[in-house]
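Scroll down for the structure; my scribbles are underneath it.
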Protein chains: 2
Amino acid sequence: MPEARFDAAKGLFIRRWGEMAASWGISRTMSEIHALLYLATQPLCTDDVMEQLAVSRGSASTNLRQLVNWGLIHRVHHRNDRKEYFDAERDVWQMFETITRERRRREVQPIVETLQRCISMIEEDGGRLTGQARKDTDAHRKRFTDILEFCGLMNMLFDLMSKAGRSGLKPIAKTIGKLVG
Amino acid sequence: MPEARFDAAKGLFIRRWGEMAASWGISRTMSEIHALLYLATQPLCTDDVMEQLAVSRGSASTNLRQLVNWGLIHRVHHRNDRKEYFDAERDVWQMFETITRERRRREVQPIVETLQRCISMIEEDGGRLTGQARKDTDAHRKRFTDILEFCGLMNMLFDLMSKAGRSGLKPIAKTIGKLVG
DNA sequence: CTATAATTTCAGAAGTTACCGAAAGGAATA
DNA sequence: TATTCCTTTCGGTAACTTCTGAAATTATAG
């Protein structure tokens with residue numbers, strides 16, 4: 001009987017998941033730990049993570065905490081065992097919602113606030129400007145507003161998708177398909 | 001007459017745009033240059049970028065080329081002028097499509113291929129495994145498949161959104177809203 | 001073809017991020 | 001309370017990314 005390739009697949013996925021995250025501004029190790037816990041059939045403790053991914057205790061601790069903060073994994077306690085175990089959210093749809101919500105809060109919200117501020121700064125100038133300066137501010141207002149509207153629309157869409165959930169997306173996609181042609 | 005706050009707004013936006021990009025794995029300078037060109041009312045040359053953002057010639061050149069590769073800005077030539085000028089895409093919807101297409105190609109496609117490979121690795125084991133190993137592979141197949149399906153659904157959705165374009169999104173959102181309740 | 005202007009490349013420098021491992025801190029047990 | 005086991009913190013370091021400035025390359029005009 002040929003060797004089962006299970007472990008190879010697991011390793012392959014974990015590495016790729018880490019690489020992908022790295023290019024999205026998330027640390028490779030944090031993402032590898034997430035992949036490990038996502039695949040695990042039971043909660044793992046810090047030492048399991050250290051052993052399986054060959055990372056230090058400090059790194060494991062820090063990254064596990066960050067994952068908990070993101071809401072992607074949860075702490076689990078067992079009776080008669082001091083150790084803390086960690087268990088990942090396994091519903092892909094829920095994962096998506098969690099990640100989307102966090103990134104929106106951390107990274108989209110600031111740009112939205114900045115855009116609003118930029119627009120009101122321009123409004124303060126009112127119609128007092130003339131000539132090129134006037135043309136420039138008008139152009140800028142439009143460009144700020146365009147992005148702001150886009151953000152609003154995307155926020156709305158993600159809210160709807162979250163509400164719809166996994167079961168709801170397929171019919172939605174189908175409907176959009178009809179609308180678009 | 002109080003000083004126009006136009007320049008302040010411009011600077012504020014450029015800085016924030018750069019910060020946001022940094023947390024999404026895109027270099028700060030590249031994103032600041034993009035913001036500068038997005039706001040500009042006419043194409044700018046390398047020296048304009050160097051001067052306004054205080055970056056070196058090398059950095060300006062490299063980052064401008066990357067932006068061209070992404071398809072977010074375009075080279076513009078003027079008659080009787082050797083200099084190259086750069087002009088940004090200003091349609092936010094088009095920008096979104098461009099970025100989405102590139103990131104999909106660069107970062108989503110690899111994970112999709114990996115997932116397919118992981119799944120076929122597991123299939124190779126067929127039903128030969130028993131006991132815990134069998135349970136594990138079954139669990140993993142499901143988890144790989146879940147993500148793969150999710151990617152497929154998201155790809156589809158983004159395709160539809162691109163097709164729909166700016167004008168089409170609002171009605172779509174409205175329709176989804178009705179579907180979801 | 002030569003001179004000039006502009007762009008790209010590259011080696012080294014600077015800055016940033018993430019990791020390690022040991023020490024400190026905290027909680028459960030006896 | 002002392003002991004043990006586990007978790008978190010943190011200074012130093014290694015690895016990586018990005019920038020700079022100048023040299024090399026390319027393109028244009030005369």
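Fair warning: this is a prediction, and the values are worked out from it, not measured in the lab. Throughout, a chain's letter reflects where its sequence line sits, starting with A, and its residues are numbered from 1.
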Each base of DNA chain D marked ( ) or [ ] if paired in-strand (Watson-Crick or G-U under 3.5 Å), | if paired to another strand and . if unpaired gives ||||||||||||||||||||||||||||||
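- One can place CD of Glu84(B) at 11 Å from C1' of dT8(C), the figure rounded to the nearest angstrom.
- Heavy-atom contacts from other residues, nucleotides or ligands closer than 6.0 Å to CD of Glu51(B) number 12 or fewer.
- Across every non-hydrogen atom of Leu37(B) and Leu64(B), the tightest pair is CD1-CD2, 4.0 Å.
- Straight-line distance from the CG atom of Asn80(B) to the C1' atom of dA5(C): 14 Å, rounded to whole Å.
- Rounded to an integer number of Å, the gap from His77(A) NE2 to dA28(C) C1' is 12 Å.
- Phe13(B) and Phe144(A) have perpendicular rings, their planes meeting at more than 60° on a 0 to 90° scale where under 30° would count as parallel.
- Using a 4.0 Å cut-off between charged nitrogen and carboxylate oxygen, Arg141(B) and Glu123(B) count as a salt-bridge pair.
- Taking atom NE2 on His78(A) and atom P on dA28(C), their separation rounds to 16 Å, with Å as the unit.
- The closest side-chain donor-acceptor pair between Gln52(B) and Asp48(B), if any, does not fall under 3.5 angstrom.
- Contacts between residues 52-61 of chain B and DNA chain D, defined by a heavy-atom separation below 4.0 Å, involve Ala54(B), Val55(B), Ser56(B), Gly58(B), Ser59(B), listed by number.
- Under a 3.5 Å cut-off, the side chain of Ser61(A) and the backbone N or O of Gly58(A) do not form any donor-acceptor pair.
- Whole-Å rounding puts the Leu64(B) CG to dT8(C) C1' distance at 12 Å.
- Under the 30°/60° scheme for interplanar angles, the aromatic rings of Tyr85(A) and His78(A) are found to be tilted.
- For DNA chain D, the span of nucleotides reached by chain B at under 4.0 Å from its heavy atoms goes, 5' to 3', from dT18(D) to dA29(D).
- For the atom pair CE of Met95(A) and OG1 of Thr100(A), the computed distance is 10.5 Å after rounding to the nearest 0.5 Å.
- Distance, Arg75(B) CZ to dT7(C) P: 9 Å, rounded to whole Å.
- Atom CG of Asp138(B) and atom CZ of Arg143(B) lie 11.0 Å apart (nearest 0.5 Å).
- Between Arg82(A) and Asn63(A), the residue whose closest nucleotide on DNA chain C is further toward the 5' end is Asn63(A).
- Checked by atom type, the side-chain pair Trp24(B)/Glu107(A) shows a donor-acceptor distance below 3.5 Å.
- Of the residues Ile26(A), Leu39(A), Leu67(A), the one that meets the side-chain contact (heavy atoms from CB on, under 4.5 Å) test with His34(A) is Leu67(A).
- To the nearest angstrom, P of dT7(C) lies 18 Å from CD of Gln66(B).
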